[in-house]
Amino acid sequence: MSEIKIENNNGENKENKEGEEVKDYVETPVEDKDALIEKLQQEINDLQNKYLRSLADYDNLRKRTQREIEFRTSEIRRNFLAKILPNIDQLERALSYSDSENFKKGIEMVYKNLFEALKSENISKIDAEPGTIFNPLYHEVVFAEESDKPEGTILQELSAGYIYNNEVLIPSKVKVSRPPKKEGETLDEV
């Protein structure tokens, strides 16, 4: 039986500390040549599969990291805007109680500039005008009041709501109509 000798990478045999020759090769019988080729081909295929999986894992990691960065950035903006927007609502209320014309003009300019800045950040106000129909996606009912209007009609906007990037940031708090109580009916049954 003949043998195939595969030497190390640089074709030299190594020597250990005592000067003995260290054989760094694999002895394989010739009859197993086809098996060796098949085994090496399998190892190549395994390495190629590992390489492709590593590339896919890296690409998935890159995409996941990008999504995480976008989510965190959006979350920071949302938290910031949630702190700013109630002040706009307070500013609107202050405008409605002001008597001095110059004071009112100054506040209106500040309000307009502030609102334009928010608009440039994709902030828009939720429509909650009296007479519009309550929508649970955009409005939050604070209380309901008997009215001759259809049930669920917004009677008053108690505080403004806002949308950021097509998502509700703060819902509008509203008062809505409910049908009048019937005789003998308790408030829980309405």
Visitor: Please assess Glu68 against Arg64 for the test salt bridge (charged side-chain N to carboxylate O under 4.0 Å, His left out), listing each intermediate value before the final yes or no.
Guide: CA-CA 6 Å; Glu68 184 72 20; Arg64 192 171 49 242; over 6 Å; no
Visitor: Can you tell me which residue pairs pass the side-chain hydrogen bond (donor to acceptor under 3.5 Å, both in side chains) test with a partner in residues 129-153, sequence neighbours excluded?
Guide: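 Qualifying pairs, neighbours excluded: Glu145-Lys175.
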Visitor: I need the Asp32 CG to Ile37 CD1 distance, nearest 0.5 Å.
Guide: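 Atom-to-atom, Asp32:CG and Ile37:CD1 are 11.0 Å apart.
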Visitor: Mind checking the CG-OG spacing from Leu85 to Ser159? Nearest 0.5 Å is all I need.
Guide: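 One finds 11.0 Å between CG of Leu85 and OG of Ser159.
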Visitor: Can you hop from Ile88 to Leu169 via hydrophobic side chains spaced under 4.5 Å?
Guide: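 Yes, same cluster.
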Visitor: Give a yes or no on whether the backbone of Ala117 and the side-chain of Ser120 come within a donor-acceptor separation of less than 3.5 Å.
Guide: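 Present.
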Visitor: Check the pair Leu81, Tyr162 against side-chain contact (heavy atoms from CB on, under 4.5 Å), reporting the backbone distance first and the verdict last.
Guide: CA-CA 10 Å; Leu81 294 171; Tyr162 295 91; over 6 Å; no
Visitor: So how far is it from Ser124 OG to Phe115 CZ, rounded to the nearest 0.5 Å?
Guide: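 Nearest 0.5 Å value for the OG-CZ distance: 7.5 Å.
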Visitor: For atom CZ of Arg77, decide whether the heavy atoms of other residues, nucleotides or ligands shown that lie under 6.0 angstrom number more than 12.
Guide: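 Open: at most 12 neighbouring heavy atoms sit under 6.0 Å from CZ of Arg77.
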Visitor: Is it the case that atom CG in Asn60 sees more than 12 heavy atoms from other parts of the structure closer than 6.0 Å?
Guide: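 Counting neighbours around CG of Asn60, more than 12 heavy atoms of other residues, nucleotides or ligands fall under 6.0 Å, so yes.
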Visitor: Compare every heavy atom of Val174 with every heavy atom of Ala128, then report the nearest pair and how far apart it is.
Guide: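 Residues Ala128 and Val174, closest heavy atoms: CB-CG1, 4.0 Å.
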Visitor: Do Ile126 and Ile163 touch side chain to side chain, with heavy atoms closer than 4.5 Å?
Guide: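 SC-SC contact between Ile126 and Ile163 confirmed.
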Visitor: Give me the other members of the hydrophobic cluster that Leu158 sits in, counting Ile, Leu, Val, Met, Phe, Trp and Tyr linked by side-chain heavy atoms under 4.5 Å, directly or via other members.
Guide: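 Same cluster as Leu158: Val142, Phe143.
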Visitor: Output every pair passing side-chain hydrogen bond (donor to acceptor under 3.5 Å, both in side chains) with a member in residues 37-46, not counting sequence neighbours, ordered by first then second residue.
Guide: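 Checked against side-chain hydrogen bond (donor to acceptor under 3.5 Å, both in side chains) - neighbours excluded - the pairs reaching residues 37-46 are Gln41-Asn45, Gln42-Asp46.
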Visitor: With rounding to the nearest 0.5 angstrom, report the CD1 to CG distance, Ile107 to Leu114.
Guide: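 That separation rounds to 11.0 Å.
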Visitor: Roughly how far, to the nearest 0.5 Å, is CD1 of Ile170 from NZ of Lys125?
Guide: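 The NZ atom of Lys125 sits 11.5 Å away from the CD1 atom of Ile170.
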Visitor: Atom OG of Ser54 and atom CG of Asn49: how far apart are they, to the nearest 0.5 Å?
Guide: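 The distance works out to 10.5 Å.
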